[in-house]
Amino acid sequence: VDWAKLVAEVAVRQNRQAFDALFNHYAPRVKSLMMKNGASEELAEDIAQETLLAVWRKASQFDASTDGVAAWIFTIARNLRVDAIRKARNLIPLDNSSYGGWEDTLPTPDEVIQAQQDRKRVSRALAMLPVDQFQAIKGSYYEEKSHGEIAQALAIPLGTVKSRMRLAIERLRANLDNEE
Amino acid sequence: MSIVHHPSEMLLSMHAAGELDEGQSLAIATHLESCRLCRDTVLALESIGGAALETVAPVGMSAGTLERTRARLERLPSAGAARPKPIGAEAPLPKCIQRYGVAHWKWVAPGVSMRPILLPRSSQTRAFLLKSSRGTSMLQHSHSGIEMTCVLAGSFSHEGGRFSVGDFDFGDAAIDHQPVVGSEEECICLVAMAGELRFHGVFGRVIQPFIRL
């Protein structure tokens with residue numbers, strides 16, 4: 001299935017069938033990843049729904065020339081999860097909250113071109129990463145963890161899994177450094 | 001000018017996974033604005049996050065969620081509405097800082113002033129701009145929590161090296177240092193700090209109660 005094409009269908013024609021296909025594929029996966037990251041089933045399901053609503057709303061902002069639908073949906077879900085955790089901690093809703101560092105404002109044309117060049121560089125560097133190192137980083141997103149553990153993680157000495165991941169990211173950075 | 005000091009691989013991956021609080025992610029985002037290598041790294045980590053999403057074993061949604069979500073689509077505009085830029089911060093500040101309100105400069109010590117950044121209360125880390133005049137020698141200090149610093153102007157040095165524009169410094173309870181500001185110009189940093197500073201020496205202990213960073 002060409003997911004990027006389905007996002008384009010949503011953007012251009014508000015195609016409901018395309019939306020259904022995206023929902024049926026990605027909502028259960030967002031829910032699963034959120035639960036692995038410590039969200040309750042109820043919260044994970046809320047985030048999955050909000051994520052797909054954002055896909056509908058922001059479809060025109062997605063650059064269909066890339067194959068990065070999953071990465072795009074991943075960042076939407078991640079930011080919604082962070083917002084949800086912060087709202088819960090604040091007790092009162094933040095009407096203007098959004099994860100620091102990820103602006104929700106529309107990019108300028110220059111920024112769009114820049115982003116395309118960035119993504120090309122990054123996918124070349126990723127393509128040269130050995131499979132086991134790619135898996136080591138990917139595996140870090142599957143770790144079952146609660147938010148309390150995450151808060152402590154900065155102070156915990158690097159375990160084997162973490163050090164494998166660190167080595168993999170070092171290699172990735174060396175690849176990126178060679179991309180000009 | 002090339003950047004020498006970067007956030008650790010661990011910090012960048014926690015940033016990409018959304019596991020840092022506002023203050024900490026602001027410190028990383030400030031560094032990312034001036035460091036293409038770290039920006040690319042986070043982009044690559046997000047791409048791998050996408051691969052994780054694609055291969056995770058799906059967990060079924062409750063009955064009727066697609067229908068309920070579709071019903072909500074009817075009430076949504078299809079184009080992403082741009083949010084207004086928050087006001088209150090001057091233009092030269094990095095974009096990620098301009099998203100927040102910034103309070104007035106406050107005197108801290110001779111040659112040192114600070115300007116709090118108004119983060120939502122959910123952040124366990126405070127963030128502020130710290131301005132020190134050229135050649136200022138800070139008191140020997142350690143941290144009770146994690147401190148992240150990104151240089152916006154000027155430079156400072158401590159036993160970990162020299163830190164100039166774009167450089168990122170990480171300090172935790174194990175670090176005990178005495179930064180000295182470069183003599184070329186005043187130094188402005190974004191600092192994200194959890195816990196308190198602990199000053200050493202007789203003078204440091206005397207002024208401790210008066211310095212609140």
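Side-chain atoms are counted along with the backbone in the values below, which use heavy atoms only and exclude waters and symmetry mates. Proteins get letters first, then strands, A, B, ... in listed order; numbering begins at 1 in each.
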Residue [X] versus chain B: region with a heavy atom under 4.5 Å:
X: A:N24; result: side chain
X: A:I137; result: both
X: A:F19; result: side chain

Check [Y] with [X], please: is the shortest side-chain N to carboxylate O separation under 4.0 Å?
X: A:D20; Y: B:R70; answer: yes
X: A:E50; Y: B:R72; answer: yes
X: A:R164; Y: B:E9; answer: no
X: B:E19; Y: A:R78; answer: no

Please classify the contact between [X] and chain A as side chain, backbone, both or neither, with a heavy-atom cut-off of under 4.5 Å.
X: B:T30; result: neither
X: B:S8; result: neither
X: B:L45; result: both

> Quick one: side chain to side chain donor-acceptor pair (under 3.5 Å) partners of B:E185, sequence neighbours excluded?
Replying inline: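 If we apply the side chain to side chain donor-acceptor pair (under 3.5 Å) test to B:E185, skipping adjacent residues, there are no hits.
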Atom [atom1] in [X], atom [atom2] in [Y]: separation rounded to 0.5 Å?
X: A:L176; Y: B:R36; atom1: CG; atom2: CZ; value: 9.0 Å
X: A:Y142; Y: B:T55; atom1: OH; atom2: OG1; value: 2.5 Å
X: A:L52; Y: B:L66; atom1: CG; atom2: CG; value: 8.5 Å
X: B:L37; Y: A:D177; atom1: CG; atom2: CG; value: 5.0 Å
X: A:W56; Y: B:L73; atom1: CH2; atom2: CG; value: 5.0 Å

Would you confirm whether [X], through its side chain, and [Y], through its main-chain N or O, come within 3.5 Å as a donor-acceptor pair?
X: A:S32; Y: B:V59; result: no
X: A:K31; Y: B:G60; result: yes
X: A:E45; Y: B:S62; result: yes

Taking all non-hydrogen atoms of both residues, which atom of [X] and which atom of [Y] are closest, and how far apart?
X: A:L33; Y: B:V56; value: CD1-CG2, 4.2 Å
X: A:L126; Y: B:S47; value: CD1-OG, 3.4 Å
X: B:E46; Y: A:Y141; value: N-OH, 4.2 Å
X: A:M165; Y: B:S13; value: CE-OG, 3.4 Å
X: A:A70; Y: B:G50; value: CB-O, 3.3 Å
X: A:F134; Y: B:A51; value: CZ-CB, 3.7 Å

> Quick check: are there more than 12 heavy atoms from other residues, nucleotides or ligands sitting under 6.0 Å from CD of B:E159?
Replying inline: yes
>> Walk me through whether A:I169 and B:M10 qualify under side chain to side chain contact (heavy atoms under 4.5 Å, CB included).
In response: CA-CA 9 Å; A:I169 300 178; B:M10 178 75 109; over 6 Å; no
> Considering residues at least two apart in sequence or located in another chain, which fulfil the ring pair (Phe, Tyr, Trp, His ring centres under 6.0 Å) criterion with B:H5?
Replying inline: B:F163
> Going through the checks in order, is the side chain to side chain contact (heavy atoms under 4.5 Å, CB included) test met by A:E179 and B:D40?
Replying inline: CA-CA 10 Å; A:E179 291 286 335; B:D40 281 359; 5.8 Å; no
>> When you compare the side chains of A:Q49 and B:T69, does any donor N or O come within less than 3.5 Å of an acceptor on the partner?
In response: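 Yes, because at least one side-chain N or O of A:Q49 sits under 3.5 Å from a partner of the opposite role on B:T69.
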